[in-house]
S.K.: 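Have a look at this one.
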Amino acid sequence: MESEFSENPPRQAPLPSRLILFDGVCVLCNGSMQFVLRHERMPTFHFAPIQSPPGRQALIAYGQAVEDWDSVVVIDDGTVYLKSDAALRIARGLKAPWSWLTILRVLPRGLRDWFYDRVARNRYRLFGRYDHCMVPGPDLRRRFLS
């Protein structure tokens with residue numbers, strides 16, 4: 001007699017090698033992702049709201065907390081980048097002149113992250129908040145994890 005628990009749990013889809021996790025209800029964050037989509041050198045990034053099941057799956061898979069996020073998260077070939085390091089990793093994949101922002105890497109991380117944190121902690125107050133996560137159009141749906 002087979003147990004009702006003998007079935008294998010459903011497998012989760014593998015994560016792409018270049019993934020940006022962002023706050024799906026943040027107006028600034030959504031605008032930033034739209035900017036990335038328009039200015040990427042090559043369309044290699046995939047995207048997921050942190051609040052989505054794939055976003056949470058990625059956080060767990062890479063040993064990150066799943067609550068209280070105030071940072072964009074970039075996963076690039078198995079390495080996790082947070083805060084200003086994540087923003088600079090994104091800039092690296094953009095067309096010039098936006099890719100030139102990587103020069104800011106010469107500043108100490110503590111200083112870069114201090115500025116990043118000021119904006120991140122006040123993003124809803126300064127830029128607003130959506131009631132729900134953005135739904136990408138059909139032309140971009142393949143780039144967003146769902």
Side-chain angles (χ1 to χ4, degrees), residues 7-146:
E7 291 183 36
N8 292 328
R11 296 190 70 165
Q12 304 225 353
L15 294 169
S17 64
R18 297 190 84 204
L19 177 61
I20 299 173
L21 303 174
F22 64 99
D23 184 344
V25 296
C26 168
V27 172
L28 173 64
C29 305
N30 274 276
S32 297
M33 293 311 102
Q34 294 296 324
F35 182 87
V36 170
L37 286 163
R38 285 191 311 273
H39 296 284
E40 280 181 290
R41 259 185 280 150
M42 297 184 59
T44 59
F45 283 117
H46 285 80
F47 304 86
I50 284 179
Q51 299 90 336
S52 70
R56 294 174 70 84
Q57 172 197 352
L59 291 172
I60 291 167
Y62 285 94
Q64 302 296 309
V66 294
E67 301 297 327
D68 299 324
W69 272 99
D70 62 359
S71 173
V72 65
V73 178
V74 174
I75 300 166
D76 194 353
D77 287 326
T79 302
V80 176
Y81 299 89
L82 305 173
K83 298 186 180 192
S84 65
D85 284 340
L88 292 173
R89 193 69 179 188
I90 293 169
R92 189 174 142 190
L94 301 178
K95 298 173 192 167
W98 305 109
S99 60
W100 301 344
L101 290 171
T102 58
I103 190 77
L104 296 174
R105 194 152 193 78
V106 302
L107 297 174
R109 179 184 295 145
L111 179 63
R112 288 186 279 123
D113 284 350
W114 184 87
F115 281 107
Y116 185 97
D117 287 341
R118 301 290 82 62
V119 174
R121 288 188 184 129
N122 294 293
R123 68 190 183 277
Y124 296 142
R125 187 173 53 80
L126 295 171
F127 300 98
R129 179 184 177 120
Y130 294 121
D131 292 331
H132 57 289
C133 293
M134 173 193 85
V135 177
D139 56 328
L140 296 176
R141 199 163 285 140
R142 64 180 175 75
R143 306 274 308 280
F144 284 77
L145 305 185
S146 58

S.K.: Write down the atom of Tyr62, the atom of Gly78, and the distance for their closest heavy-atom approach.
M.R.: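 Closest approach of Tyr62 to Gly78: CE2-O, 3.7 Å.
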S.K.: Knowing that exactly one of Gln51, Glu67, Gln64 qualifies, which makes a side chain to side chain donor-acceptor pair (under 3.5 Å) with Arg56?
M.R.: Glu67
S.K.: To the nearest 0.5 angstrom, please state how far the CG atom of Asp85 sits from the CG atom of Asp113.
M.R.: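 Going from CG on Asp85 over to CG on Asp113, the span is 6.5 Å.
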S.K.: Taking all non-hydrogen atoms of both residues into account, name the closest pair between Gly24 and Asn30 and its distance.
M.R.: O-ND2, 2.9 Å
S.K.: Could you report the tightest heavy-atom contact between Leu59 and Ala65, atom names first, then the distance?
M.R.: CD1-O, 3.6 Å
S.K.: Report the distance from atom SG of Cys29 to atom CZ of Phe127, rounding to the nearest 0.5 Å.
M.R.: 9.5 Å
S.K.: Can you see which heavy atom on Ala87 is nearest to which on Val72, and at what distance?
M.R.: N-CG1, 4.4 Å
S.K.: Leu101 and Ala91: which non-hydrogen atoms are nearest, and at how many Å?
M.R.: CB-CB, 4.2 Å
S.K.: Quick one: are Val73 and Ile50 in side-chain contact, heavy atoms under 4.5 Å?
M.R.: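 They are in contact (side-chain heavy atoms under 4.5 Å apart), so the answer is yes.
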S.K.: Indicate whether the side chain of Asp23 and that of Tyr124 have a donor and an acceptor atom separated by less than 3.5 Å.
M.R.: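 Per modelled atom types, Asp23 and Tyr124 side chains form a pair under 3.5 Å.
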S.K.: Can you check side chain to side chain contact (heavy atoms under 4.5 Å, CB included) on Ile20 and Val36, steps first, answer last?
M.R.: CA-CA 10 Å; Ile20 299 173; Val36 170; 4.3 Å; yes
S.K.: Quick check: closest heavy atoms across Glu40 and Lys95, and the distance to 0.1 Å?
M.R.: O-CE, 3.1 Å
S.K.: Apply side chain to side chain contact (heavy atoms under 4.5 Å, CB included) to the pair Leu107 and Leu104, showing each step before the final yes or no.
M.R.: CA-CA 6 Å; Leu107 297 174; Leu104 296 174; 4.1 Å; yes
S.K.: Using a strict 4.0 Å threshold on nitrogen-to-oxygen distance, state whether Asp70 and Lys83 make a salt bridge.
M.R.: no
S.K.: Where the side chain of Ser32 meets the backbone of Leu28, is there a donor-acceptor pair that is under 3.5 Å apart?
M.R.: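 Side chain of Ser32 to backbone of Leu28, a donor-acceptor pair under 3.5 Å: yes, one is there.
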S.K.: Could you go through the side chain to side chain contact (heavy atoms under 4.5 Å, CB included) check for Arg142 and His46 one step at a time?
M.R.: CA-CA 8 Å; Arg142 64 180 175 75; His46 285 80; 5.9 Å; no
S.K.: What is the distance from atom CD1 of Ile75 to atom OG1 of Thr79, rounded to the nearest 0.5 Å?
M.R.: 10.0 Å
S.K.: For the side chain of Arg123 and the backbone of Ala120, is there at least one donor-acceptor N/O pair under 3.5 Å apart?
M.R.: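 Between the backbone of Ala120 and the side chain of Arg123 there is a qualifying donor-acceptor contact (under 3.5 Å).
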S.K.: Between atom CZ of Arg38 and atom CZ of Phe35, what is the distance when rounded to the nearest 0.5 Å?
M.R.: 7.0 Å
S.K.: Please tell me if the side chains of Phe22 and Pro49 come closer than 4.5 Å, counting only heavy atoms from C-beta onward.
M.R.: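 Of all side-chain heavy-atom pairs linking Pro49 with Phe22, at least one is under 4.5 Å.
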S.K.: In Å and rounded to the nearest 0.5 Å, what is the OG to CG distance from Ser99 to Leu88?
M.R.: 11.5 Å
S.K.: Are any side-chain N or O atoms of Arg143 and backbone N or O atoms of Phe45, one a donor and one an acceptor, separated by less than 3.5 Å?
M.R.: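 Yes, because the side chain of Arg143 sits within donor-acceptor range (under 3.5 Å) of the backbone of Phe45.
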S.K.: Taking 4.0 angstrom as the limit, do Asp76 and Arg18 come out as a salt bridge?
M.R.: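 Yes.
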S.K.: Is it true that a side-chain atom of Asn122 and a backbone atom of Arg118 form a donor plus acceptor pair closer than 3.5 Å?
M.R.: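 Flag set: sc Asn122 to bb Arg118 pair under 3.5 Å.
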S.K.: Given the rule in the side chain to side chain contact (heavy atoms under 4.5 Å, CB included) test, do Phe47 and Leu19 qualify, once you have shown the distances and angles that lead to the verdict?
M.R.: CA-CA 6 Å; Phe47 304 86; Leu19 177 61; 5.6 Å; no
S.K.: Give, for atom CD of Gln57 and atom CG of Leu21, the distance between the pair rounded to the nearest 0.5 Å.
M.R.: 10.5 Å
S.K.: Using side-chain heavy atoms (C-beta onward) and a distance below 4.5 Å, is Ser84 in contact with Phe115?
M.R.: no
